[in-house]
Amino acid sequence: MDINSIEFYTIAFVIAMALVALLMGRSEKHPPSTYIVQLLTSPAECDDDEDTVSLEALDNGRVRISRTGLSIGAEETVNLVFTIQDDHCSIVEKKGVRRRGSVGVAVNGEVTVKCLRPGEKYRMRYESQVTSTWATFTYDTSSPQPKVVNLKI
């Protein structure tokens, strides 16, 4: 292949554009952080509560997460597993301790966390392995209004 040919310059141009795209496409991502907290449960006033999750920013920089529509056994617990990477947050709801033969009862849950940074807007995914429901949404920790999300099957 001749250095003055069209094919040489076409291949050189394509390689140069590939290098520019490769360099421009890289973004500095931080490693993910994982947090596990236990959801504090209390008996529900009504058995047919909707399957919802509510996030509310508090004055001290923490976020209160409230959950309705759960049904767990008397000796069972529910844990929330947070995985946070940059502006992405995944929350997975998992059952904890279980005793054989326990009958499910309707409960509501609440927990206050400090792992979400104040003033940050997150793209969130909430997944419940307890009720097999999920939701995706955005949440701004600087918003004074609580964010209520219905979970879907």
Side-chain angles (χ1 to χ4, degrees), residues 14-153:
V14 170
I15 291 173
M17 288 296 109
L19 287 173
V20 168
L22 183 65
L23 293 175
M24 294 294 288
R26 288 189 182 172
S27 62
E28 191 68 31
K29 287 198 171 195
H30 297 94
S33 299
T34 302
Y35 306 92
I36 301 173
V37 294
Q38 184 176 348
L39 194 66
L40 304 174
T41 57
S42 61
E45 297 174 9
C46 176
D47 286 348
D48 59 351
D49 281 339
E50 280 191 62
D51 215 3
T52 63
V53 63
S54 172
L55 290 88
E56 179 184 8
L58 304 176
D59 292 337
N60 58 3
R62 296 175 185 239
V63 176
R64 178 184 300 131
I65 299 175
S66 303
R67 179 74 165 86
T68 61
L70 284 172
S71 179
I72 60 173
E75 298 295 321
E76 292 179 325
T77 61
V78 177
N79 297 322
L80 298 180
V81 180
F82 290 78
T83 304
I84 302 171
Q85 183 175 21
D86 298 327
D87 66 340
H88 290 73
C89 178
S90 167
I91 304 172
V92 179
E93 186 179 271
K94 297 183 176 196
K95 277 191 181 178
V97 178
R98 181 166 190 249
R99 190 175 193 185
R100 288 183 185 234
S102 58
V103 178
V105 293
V107 297
N108 292 332
E110 184 174 290
V111 68
T112 303
V113 297
K114 61 180 178 179
C115 57
L116 299 174
R117 294 182 302 274
E120 188 81 26
K121 189 171 186 176
Y122 288 96
R123 292 184 279 173
M124 304 194 76
R125 176 174 174 81
Y126 192 98
E127 179 183 339
S128 174
Q129 293 181 353
V130 177
T131 60
S132 298
T133 54
W134 63 277
T136 58
F137 55 95
T138 58
Y139 177 63
D140 187 354
T141 56
S142 63
S143 173
Q145 300 297 325
K147 175 85 169 189
V148 179
V149 179
N150 289 329
L151 302 177
K152 53 191 166 199
I153 295 176

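From a predicted model like this one, the values you see are computed outputs, not experimental measurements.
At a threshold of 4.5 Å between non-hydrogen side-chain atoms, the residues Ile65 and Phe82 count as touching.
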Identify each donor-acceptor pair in which a side-chain atom of residues 33-44 lies under 3.5 Å from a protein atom, sequence neighbours left out, and give them as a table.
none

query = What do the steps show when you test Lys121 against Tyr139 for side-chain contact (heavy atoms from CB on, under 4.5 Å), and what is the final call?
reply = CA-CA 6 Å; Lys121 189 171 186 176; Tyr139 177 63; over 6 Å; no
Working for side-chain contact (heavy atoms from CB on, under 4.5 Å), residues Arg64 and Glu110 = CA-CA 7 Å; Arg64 178 184 300 131; Glu110 184 174 290; 3.5 Å; yes
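Considering Ile84, Leu55, Val53 in turn, Leu55 is the only one that fulfils the side chain to side chain contact (heavy atoms under 4.5 Å, CB included) rule with Met124.
Contact detail for Thr141 and Gly119: the closest heavy-atom pair is OG1-N, 2.8 Å. Considering every non-hydrogen atom in both Ser54 and Pro146, the closest pair reads OG-CB, 4.2 Å.
With Gln85 contributing its side chain and His30 its backbone, the two residues share a donor-acceptor pair below 3.5 Å.
Asn79 is linked by a side-chain hydrogen bond (donor to acceptor under 3.5 Å, both in side chains) to nothing, counting only residues two or more places apart in sequence or in another chain. Under the side-chain hydrogen bond (donor to acceptor under 3.5 Å, both in side chains) criterion, Tyr126 pairs with Glu93, not counting sequence neighbours. Residues that satisfy the side-chain hydrogen bond (donor to acceptor under 3.5 Å, both in side chains) test with Arg117, not counting sequence neighbours, are absent from this structure. Residues that satisfy the side chain to side chain contact (heavy atoms under 4.5 Å, CB included) test with Ala135, not counting sequence neighbours, are Phe137, Val149, Leu151. Checked against side chain to side chain contact (heavy atoms under 4.5 Å, CB included), Pro118 has no partners two or more places apart in sequence or in another chain. The side-chain hydrogen bond (donor to acceptor under 3.5 Å, both in side chains) test applied to Thr133 returns Asp51, Thr131, not counting sequence neighbours. Residues passing the salt bridge (charged side-chain N to carboxylate O under 4.0 Å, His left out) test with Asp140, sequence neighbours excluded: none. Residues satisfying the salt bridge (charged side-chain N to carboxylate O under 4.0 Å, His left out) criterion with Arg125, sequence neighbours excluded, are Glu127. The side chain to side chain contact (heavy atoms under 4.5 Å, CB included) check on Lys114 picks up Arg62, with sequence neighbours excluded.
Dense packing is recorded around CG of Asn60, with more than 12 heavy atoms of other residues, nucleotides or ligands lying under 6.0 Å away.
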